[in-house]
J.: 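First the structure, then my questions, so here it is.
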Amino acid sequence: MGVFELADEADNILFVGYAGGRSLFGLRGELASALRNSRATRYRYEVTTAYLTRYQELLMVYVADHGGLPPENDSTGVPTLGRLSPG
Amino acid sequence: MDLKLTQEQEMVIAMVRRFVREEIVPLEMKLDPDADALEPEDRARLVAKVKMMGLYGLDIPVEYGGPDIDMVTRTLIAIEMSQHRAGLYAPCYGVFGGAGLAQLFEANDEQKERYLYPTLRGEKHGFFGLTEPSGGSDPARAIQTKAVEDGDDWILNGSKIFISGADKAEYGLVFARTSEDKGRGGVTCFIVDTDTPGFHVRRIVHTLRSARYATELQFENMRVPAANILGEVNKGFAIANDRLSRQRIPYAAGCIGVAIAAHEMAVEYAKVRETFGAPLASRQAIQWMLVDNEIDIKQARWVTLEAADRAQRGESFRKEAAMCKLVATEAGSRVVDRCIQIHGGYGVTKDFPFERWYREMRIRRIGEGPSEVQRHIIARDILGASLR
C-alpha cells in the first residue's frame with residue numbers, strides 16, 4: 001500500500017496514483033500498470049498505510065502549485081479535492 | 001425512563017438495520033477498505049431511498065423540515081447506522097443527510113439565509129474551528145487566535161489545528177479571543193467565509209483515521225464583518241460548550257454500533273472456527289471475552305440512552321453526556337480489541353473491518369474531549385462548583 005508519482009525526464013510530474021487495500025499486486029503492481037500507460041520515464045513512491053489521504057494531499061499540493069491536475073490524471077477518477085495554500 | 005422500546009422504535013430500528021445490511025454492507029465489498037465515500041450514483045440512489053423511508057435529515061429540527069424524531073430514537077438509529085466498516089466516522093456514508101452545524105439554528109435571520117438554509121439544502125458545507133495548537137481540551141484558556149475590532153469589521157490573526165473539512169467548506173465557525181482578561185468570557189464565535197483574503201488551509205494533518213485527514217488553518221489579517229458574529233461578542237464559549245455536550249451522545253452511539261457489529265462477527269466466528277478439534281466457542285477463554293463484550297455493550301447502551309432521554313426531556317445532561325462518551329468509547333475499544341483477538345491473524349488484515357475499527361476507535365477516546373476530560377466533568381458535577 002502506498003502512493004507514487006510519475007514524471008518525465010525534466011522531473012515534471014505527470015501522474016499521481018496509489019495502491020490501496022484492494023490492489024491485487026500491491027504498490028508494485030499499480031506502479032507497473034501506471035507506467036505502461038504513461039509517457040513517464042521516472043517515478044518515486046512512498047509506502048504508507050495512509051494512502052488515501054496522502055494521495056489527496058499530493059494532488060492538492062500539485063493543484064496549488066500548478067492550478068490543475070497532473071496531465072495524466074483523469075479528473076473522473078479523482079475525488080473532490082480540497083483547497084490547500086501551503087504558503 | 002421506560003426500558004422497553006416502543007413498537008414504533010422497534011419498527012424504525014428494524015428498517016435501518018435492514019438498510020445497513022442490504023444496501024451498505026454489500027457496497028463495501030467493492031470499495032477500498034479505507035473508503036469513506038460512495039460512488040456518486042450509489043449515493044444518489046441511497047439518498048432517494050432514505051427520503052422514501054422518511055428518515056432523511058434526522059437531526060434537522062422539525063420546524064426546518066426535519067422528520068421530527070425524538071432524541072432517544074435518533075440515538076437508537078445512530079447505533080444501527082454505524083454497524084458497517086466505515087460506520088464510525090461515516091455512518092451509512094452520509095446518505096441519511098446531516099443538519100450541518102447545529103449552532104446555526106441559533107443564528108439571526110440574515111445569517112440563516114446565508115449559511116443555514118444553503119447548508120440544509122446541501123449547497124454549502126461548514127467546519128467547526130475551535131482547537132488550536134495550544135490545546136483543545138480547555139478552549140476557554142487555550143484559544144490564542146485574536147480578533148480586534150476595526151470599524152464595522154473584526155480582524156482575525158491566529159491558527160487552528162485538527163479541523164475537519166475546512167479545505168472543502170464554504171464557511172466555518174471560528175472561535176477567537178476578543179477580550180484578553182475575561183477567560184471563557186472573552187471568546188467570540190465568527191462565521192467565516194473560506195474565500196476571505198487571509199484564510200489559509202496550510203497543511204493536511206494525517207491521523208490513524210486514514211480515510212480522511214484533518215487540516216491546519218492560518219488566519220492572516222482576515223477581515224470579518226461584525227454582521228458575521230454568531231450570538232454576541234464575548235459569549236462564544238457557551239456556543240462551543242453546548243455543541244460539545246450535545247455531540248457526545250451520537251459520538252457514543254457510533255462506538256456502540258461498531259462494538260455490536262464486531263461482537264456479532266466474533267460470536268459467529270467462534271462457533272465455526274475450530275482449534276484442537278473443538279469450536280472456539282467451547283473454550284472458556286473465548287466465552288469470557290464474548291461475555292465481557294456483551295456486558296460492555298449493554299452498559300454503554302443504557303448510559304447513552306439515559307443521556308439522550310435527559311436531553312430529550314430538557315433536563316441537564318452535561319454529566320450524563322460526558323459519562324456516555326467516556327463509557328462507550330472505552331467499551332468500544334475493548335470490544336474491538338477482543339474481537340481481533342478472537343479472529344487471530346484474520347483480525348488484523350484488511351480483509352476484515354476490525355483493523356479499521358481498531359484504529360478509528362482509538363481516536364474516539366481523544367476526539368470530542370478525551371476520557372480524562374470527561375472524568376473531570378463528571379467529578380466537577382459530583383463534587384460541586386468549588387472545583388471549577
Side-chain angles (χ1 to χ4, degrees), chain A residues 1-6 13 15-34 37 44-70 73-87, chain B residues 28-41 43 85-86 89-90 125 127 159 163-170 172 193-220 222 348-353 355-356 358-359:
Chain A
M1 290 172 284
V3 295
F4 57 89
E5 289 178 324
L6 307 185
I13 295 169
F15 182 80
V16 177
Y18 74 92
R22 300 245 187 264
S23 297
L24 194 54
F25 299 109
L27 188 52
R28 181 187 290 262
E30 292 295 329
L31 184 54
S33 170
N37 299 310
R44 72 173 197 91
Y45 66 88
E46 296 172 19
V47 175
T48 173
T49 54
Y51 48 87
L52 286 179
T53 51
R54 181 66 176 135
Y55 169 63
Q56 290 182 63
E57 181 180 26
L58 288 172
L59 288 171
M60 287 162 67
V61 169
Y62 187 93
V63 170
D65 289 344
H66 298 89
L69 289 171
N73 274 97
D74 178 0
S75 63
T76 55
V78 171
T80 305
L81 296 176
R83 299 173 302 277
L84 201 62
S85 43
Chain B
E28 288 190 327
M29 306 300 282
K30 294 182 285 182
L31 291 171
D32 187 275
D34 271 348
D36 72 343
L38 296 173
E39 296 294 330
E41 58 271 24
R43 180 181 167 77
R85 187 191 291 263
Y89 280 97
H125 302 87
F127 70 86
S159 59
I163 309 301
S164 297
D167 57 321
K168 295 177 184 173
E170 285 77 23
D193 292 303
T194 55
D195 59 0
T196 305
F199 178 92
H200 303 290
V201 181
R202 284 303 187 202
R203 71 179 178 105
I204 278 175
V205 182
H206 299 278
T207 67
L208 281 173
R209 184 185 164 196
S210 57
R212 194 173 289 188
Y213 49 80
T215 61
E216 181 168 348
L217 310 180
Q218 187 184 10
F219 314 126
E220 284 183 320
M222 183 172 68
V348 292
T349 67
K350 282 199 176 292
D351 295 347
F352 288 83
E355 62 85 29
R356 179 169 178 177
Y358 186 77
R359 285 183 284 115

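Chain identifiers are assigned alphabetically (A, B, ...) following the order of the sequence lines, protein sequences preceding nucleic acid strands; residue numbering begins at 1 within each chain.
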J.: Looking at A:Arg22 and B:Pro33, would you say the former's side chain and the latter's main chain have a donor-acceptor pair under 3.5 Å?
T.: no

J.: For residues A:Leu84 and B:Ile204, report the shortest heavy-atom separation together with the two atoms involved.
T.: CD1-N, 4.3 Å

J.: Using atom types as modelled and distance alone, determine if a side-chain donor or acceptor of B:Arg212 lies under 3.5 Å from a backbone N or O of A:Thr53.
T.: no

J.: Which bit of B:Ala37 is near chain A, if near means a heavy-atom gap under 4.5 Å: side chain, backbone, both or neither?
T.: neither

J.: Count the heavy atoms belonging to other residues, nucleotides or ligands that lie under 6.0 Å from OH of B:Tyr89, then report whether that count exceeds 12.
T.: yes

J.: Which heavy atom of A:Gly20 sits nearest a heavy atom of B:Asp32, and at what distance?
T.: CA-OD2, 3.4 Å

J.: Any heavy-atom pair between the side chains of A:Ser85 and B:Arg202 that's under 4.5 Å?
T.: yes

J.: Please look at A:Tyr18 and chain B and tell me whether the side chain, the backbone, both or neither of the residue comes under 4.5 angstrom of a heavy atom of that chain.
T.: side chain

J.: Main chain of B:His200, side chain of A:Arg83: is a donor-acceptor contact present, judged purely on distance under 3.5 Å?
T.: no

J.: Considering only heavy atoms, which portion of B:Leu208 lies under 4.5 Å from any heavy atom of chain A: side chain, backbone, both, or neither?
T.: neither

J.: I'd like to know whether A:Glu57 forms a side chain to side chain contact (heavy atoms under 4.5 Å, CB included) with B:Tyr213, so could you lay out the CA-CA distance, the side-chain angles of the two residues, the decisive distance to 0.1 Å, and finally the verdict.
T.: CA-CA 9 Å; A:Glu57 181 180 26; B:Tyr213 49 80; over 6 Å; no

J.: Kindly compute the distance separating NE2 (B:His206) from CG (A:Leu52), expressed to the nearest 0.5 Å.
T.: 11.0 Å

